[in-house]
Amino acid sequence: MAGPGSEPGELSDSELLLLLEPGDQALQPGDSGKPNSSSDLPLESLKKVLTEDSAAGKVKRKRAQTPLEKYYLKYLCVTDLSTQSWCEQQMVYGRELPQLQAPETVVLLNTGKSIHLARELEVHDVVRVHVTSREDSWAIKILNLLSVIPELQAGGCVRELPVFGVIEDVFLMGVIDELCYSAMGELELRELKTRGRPFMPSGAQKKRDYFQVCLYKYIFDAMVQGKLKPDVITSHIQLRPEQPLGSQIREHAQKVGFTVTCFGDLLELMYLNLTLSDIPGIDCLKIEYSHQESNTLLGTEVVRFEEEKVREKAQHYLAYWKGQREVQGVEIEEAWKCQSCSYSEICDWRKKRAEGPEQRSGPKKSK
DNA sequence: ATTGCTGAATGG
């Protein structure tokens, strides 16, 4: 079928067909209704379209996109980083193909979710507030943060407390499960983890959970130390301080005791309240593991906070997001994790592993 | 960006 004119360095016609095949639904039998326009096209013109497209693509991306850019992310969640410590490759697949998650995992996660919601409702109501801008939705997070300050000062217990901060120039956001003053007067963070089976988790899971709560402390402490200046938020998230807040937001703020008109007002209030209310840093990190079905406590872990190690780990995980290194899957010793992974069948990391190390250490092919 | 971009956490 092919014409003769394939020059060296160009795609041969058979290669071209291979390239076209996967996406070319029109070639499939059964799609018979309309005339098959693409296969009627002369190959030369197809080739032209293809090469022009790829040329345009090359002109467009001068520099490879970082994952942050690729997913249009202005910030990351604390749990993005902690899931990364379980398996970075899985975390990436989870973002790209969330629908591929196994149904039994979804059930497990949803059960955990509803247990957490029930606990949150024990300490406060949840109200719906209409938002009119991106600034409005961030205003809600900040109001939720602001409203817990007096409760904490009164020695109360707060749940689902939002925290924000910057590590390695990346904006992070998270939600602390529970913050309380202990009997000894220490500020204690408690993270509840519910489990499907009635025993304590493996080391790998503990490691992930430890990292999660350490990140919360890192961010929270920086916040009460006044490191979260208003412009840190507006510049990273690209929000306008002069943006007027919607009426429902202003009403809600009034109820919590703050009079505000624009987003910047709220940022100033947040900064002042955090720094002037002399809330201490978190003294103690605890994780409680409980069994979902029987609701029994399986055990409590006290986590040691080592700032330098937390920073190093965060730096490593953030390097992926900033495009400083390629995505990584689990090391061979942790390949058991793949047994419970919804993406093991399609996993590129596993394929690479299966090819064997000698193949990967060969000369690099040009991209 | 052509245009626009996010409840976080949920568990093995």
Side-chain angles (χ1 to χ4, degrees), chain A residues 56-57 59-63 65 67-87 90-91 94-96 98 101-120 126-131 133-145 159-165 170-178 191-209 211-213 215-216 219 236-239 287-293 298 321 330 334-344:
Chain A
V59 172
K60 219 168 161 183
R61 65 177 122 79
K62 294 161 189 143
R63 175 178 61 91
Q65 275 186 326
L68 279 176
E69 292 163 343
K70 185 177 163 195
Y71 301 107
Y72 301 100
L73 300 171
K74 295 194 188 66
Y75 67 94
L76 292 175
C77 307
V78 165
T79 48
D80 286 327
L81 298 202
S82 60
T83 2
Q84 229 174 319
S85 100
W86 176 265
C87 174
Q90 187 198 43
M91 183 276 300
R95 230 170 224 291
E96 287 173 347
Q101 270 211 336
E104 53 272 28
T105 343
V106 176
V107 170
L108 203 60
L109 292 177
N110 285 337
T111 309
K113 216 190 248 185
S114 51
I115 294 173
H116 275 85
L117 179 61
R119 274 169 49 96
E120 177 181 6
V126 177
V127 294
R128 287 212 156 268
V129 183
H130 179 72
V131 296
S133 64
R134 292 177 56 234
E135 283 76 6
D136 273 5
S137 44
W138 280 87
I140 293 181
K141 301 188 216 288
I142 294 170
L143 281 169
N144 285 339
L145 170 60
R159 285 190 184 149
E160 304 295 309
L161 155 76
V163 289
F164 328 101
V170 177
F171 196 90
L172 285 180
M173 131 129 239
V175 178
I176 294 178
D177 241 12
E178 187 173 320
E191 169 73 29
L192 174 71
K193 293 285 178 211
T194 67
R195 297 181 50 75
R197 296 291 189 80
F199 41 76
M200 287 293 276
S202 68
Q205 282 171 74
K206 282 185 186 169
K207 213 174 123 186
R208 182 213 30 206
D209 300 340
F211 184 47
Q212 183 184 352
V213 294
L215 283 172
Y216 288 143
I219 294 172
H236 277 87
I237 315 295
Q238 290 157 23
L239 300 165
I287 307 176
E288 296 175 325
Y289 293 96
S290 83
H291 182 218
Q292 286 190 349
E293 201 187 342
L298 302 169
W321 287 106
V330 292
E334 288 201 314
W336 54 266
K337 287 180 179 174
C338 305
Q339 289 168 8
S340 65
C341 179
S342 313
Y343 307 99
S344 60

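Values below: every heavy atom of this structure, side chains too, minus hydrogens, waters and symmetry copies. Residue numbering restarts at 1 for every chain, and letters A, B, ... go by the order of the sequence lines.
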Problem set entry | Residue whose nearest DNA chain B nucleotide is more 5′ - Tyr216(A) or Trp86(A) | Tyr216(A)
Problem set entry | Thr194(A) and Gln292(A): CA distance, side-chain angles, deciding distance, side-chain hydrogen bond (donor to acceptor under 3.5 Å, both in side chains) verdict | CA-CA 5 Å; Thr194(A) 67; Gln292(A) 286 190 349; 3.0 Å; yes
Please classify the nucleic acid contact of [X] as base, sugar-phosphate, or nothing, using heavy-atom distances under 4.0 Å.
X: Phe199(A); result: nothing
X: Val78(A); result: sugar-phosphate
X: Thr83(A); result: base
X: Lys193(A); result: sugar-phosphate
X: Arg128(A); result: nothing
X: Leu73(A); result: base
X: Gln212(A); result: sugar-phosphate
X: Leu192(A); result: sugar-phosphate

By nearest atom, which of the nucleotides [options] is closest to the [X] side chain?
X: Lys113(A); options: dG12(B), dT10(B), dG4(B); result: dT10(B)
X: Arg134(A); options: dC5(B), dA8(B), dG12(B); result: dC5(B)
X: Gln205(A); options: dG12(B), dG11(B), dA8(B); result: dG12(B)

Could you tell me how far apart [X] ([atom1]) and [N] ([atom2]) are, to the nearest whole angstrom?
X: Asp80(A); N: dG7(B); atom1: CG; atom2: P; result: 12 Å
X: Arg195(A); N: dT10(B); atom1: CZ; atom2: C1'; result: 13 Å
X: Leu145(A); N: dG7(B); atom1: CG; atom2: C1'; result: 16 Å
X: Leu172(A); N: dA9(B); atom1: CG; atom2: P; result: 10 Å
X: Ile142(A); N: dG7(B); atom1: CD1; atom2: P; result: 17 Å
X: Leu161(A); N: dG7(B); atom1: CG; atom2: C1'; result: 15 Å
X: Leu81(A); N: dA9(B); atom1: CG; atom2: C1'; result: 14 Å
X: Glu104(A); N: dG11(B); atom1: CD; atom2: C1'; result: 12 Å

Problem set entry | base_contact_polar (dG12(B) base, Gln90(A) side chain, donor-acceptor, <3.5 Å) | yes
Exercise. Is there a donor N/O on one and an acceptor N/O on the other, under 3.5 Å, for the side chain of Arg197(A) and the base of dG11(B)?
Worked result: no
Problem set entry | Pair Arg95(A) + Asp80(A): basic N to acidic O under 4.0 Å | yes
Problem set entry | Side-chain N,O (His116(A)) to OP1/OP2 (dT10(B)) below 4.0 Å | yes
For this session: Report yes if a side-chain nitrogen or oxygen of Thr79(A) is closer than 4.0 Å to either non-bridging phosphate oxygen (OP1 or OP2) of dA9(B); otherwise report no.
Result: yes
Problem set entry | Pi stacking test for Tyr75(A) and dT6(B): under 5.5 Å apart, planes under 30° | yes
Exercise. Pick from Ile140(A), Leu143(A), Asp136(A): which one makes a side-chain contact (heavy atoms from CB on, under 4.5 Å) with Val129(A)?
Worked result: Ile140(A)
For this session: May I ask you to decide if the ring planes of Phe164(A) and Trp138(A) are parallel, tilted or perpendicular, using 30° and 60° as cut-offs?
Result: tilted
Exercise. Does atom CD of Glu293(A) have more than 12 heavy-atom neighbours, drawn from other residues, nucleotides or ligands, at distances under 6.0 Å?
Worked result: no
Problem set entry | Criterion side-chain hydrogen bond (donor to acceptor under 3.5 Å, both in side chains) against Arg159(A), the qualifying member of His116(A), Glu120(A), Glu178(A) | Glu178(A)
Problem set entry | C1' gap between dC5(B) and dA1(B), integer Å | 11 Å
